[in-house]
Amino acid sequence: MSNYLFPPPAVAALPIRGQSELFPVNRLFFVGRNYHAHAVEMVGKEVDKANERAFYFTKAPSSLTLSGATIPYPPETQNYHYEMELVVVLGKGGFRVSQEQADDLIYGYACGLDMTRRDLQLVAREKGRPWDLGKDIEDGSICSEIVPMPGKVIESGKIALTVNGETRQNSDVNKLIWNIREIIADLSLYYHLQPGDIIYTGTPEGVGPVKAGDVLSGEVEGVGTVALTIGQPE
Ligand code: MN
């Protein structure tokens with residue numbers, strides 16, 4: 001019997017479509033600038049894939065919040081943004097896997113929102129500081145139920161987001177700069193990937209601010225939907 005000073009935090013977990021078991025979540029990885037049009041709106045130019053590697057950031061599993069929630073507008077920001085993303089869910093681990101081997105790690109997919117304190121992220125970027133305060137936000141990683149699709153590589157499909165019924169993001173996952181196989185293989189060069197790791201694959205263009213009372217609704221064709229309501233600040 002373990003003997004902790006106080007109760008350890010609960011395991012982060014997500015429901016699985018069609019199953020009663022929960023999916024235990026290990027780590028949350030996020031790909032930065034993975035659609036050219038989003039790179040242009042963020043830094044004014046497309047990504048030079050021939051000369052740049054993908055880059056990543058992480059958020060704590062405790063930032064994970066299930067789709068459908070109402071979350072308070074977070075503290076210490078005046079510019080809280082949505083980023084609609086396809087989430088890849090790993091059911092197996094691997095280290096230095098090839099793109100061909102990457103398929104085998106895939107358990108399924110989900111729809112996610114990578115919520116961002118844009119004002120703090122931009123200050124961090126400008127000053128060469130870590131992105132944590134801009135990105136690793138309590139209730140800032142929204143995720144839908146997981147849809148099992150073992151070994152399937154999603155190569156195309158509409159990805160879109162509305163705020164209060166108005167379309168704000170509308171693209172296709174075939175515009176990912178680094179595709180699903182490339183992301184898994186590349187990330188496995190840095191990390192011993194584990195079952196339960198989930199990867200937010202990046203957002204298309206059209207990111208923007210939210211305010212209290214806003215209702216967000218996102219979809220990825222062939223996967224599902226994600227929803228979020230922004231509440232009053234605490
Ligand atoms: Mn993102």
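When a ligand or atom number is given, it counts from 1 through the structure's own listing order. Here the structure is a predicted model, which means the values were calculated and not measured. All values below come from the heavy atoms of this structure, side chains included, with hydrogens, waters and symmetry mates left out.
In this structure, F23 and Y107 have tilted ring planes: the angle between them lies in the 30° to 60° band. Using bins of under 30°, 30° to 60° and over 60° for the plane-to-plane angle, the ring pair W131/F55 lands in the perpendicular bin.
Ion pairing of K152 with D103 is absent here, as no side-chain N (NZ or NE/NH1/NH2) approaches a carboxylate O to less than 4.0 Å. Ion pairing between D172 and K175 fails under the 4.0 Å rule for side-chain N and carboxylate O.
Using a 4.5 Å heavy-atom cutoff, the side chains of Y80 and T116 are not in contact.
The salt bridge (Lys or Arg N to Asp or Glu O under 4.0 Å) check on E205 picks up nothing, with sequence neighbours excluded.
Under 2.8 Å from the Mn ion (ligand 1), one finds the following protein N/O/S atoms: E83 OE1, E85 OE2, D114 OD2.
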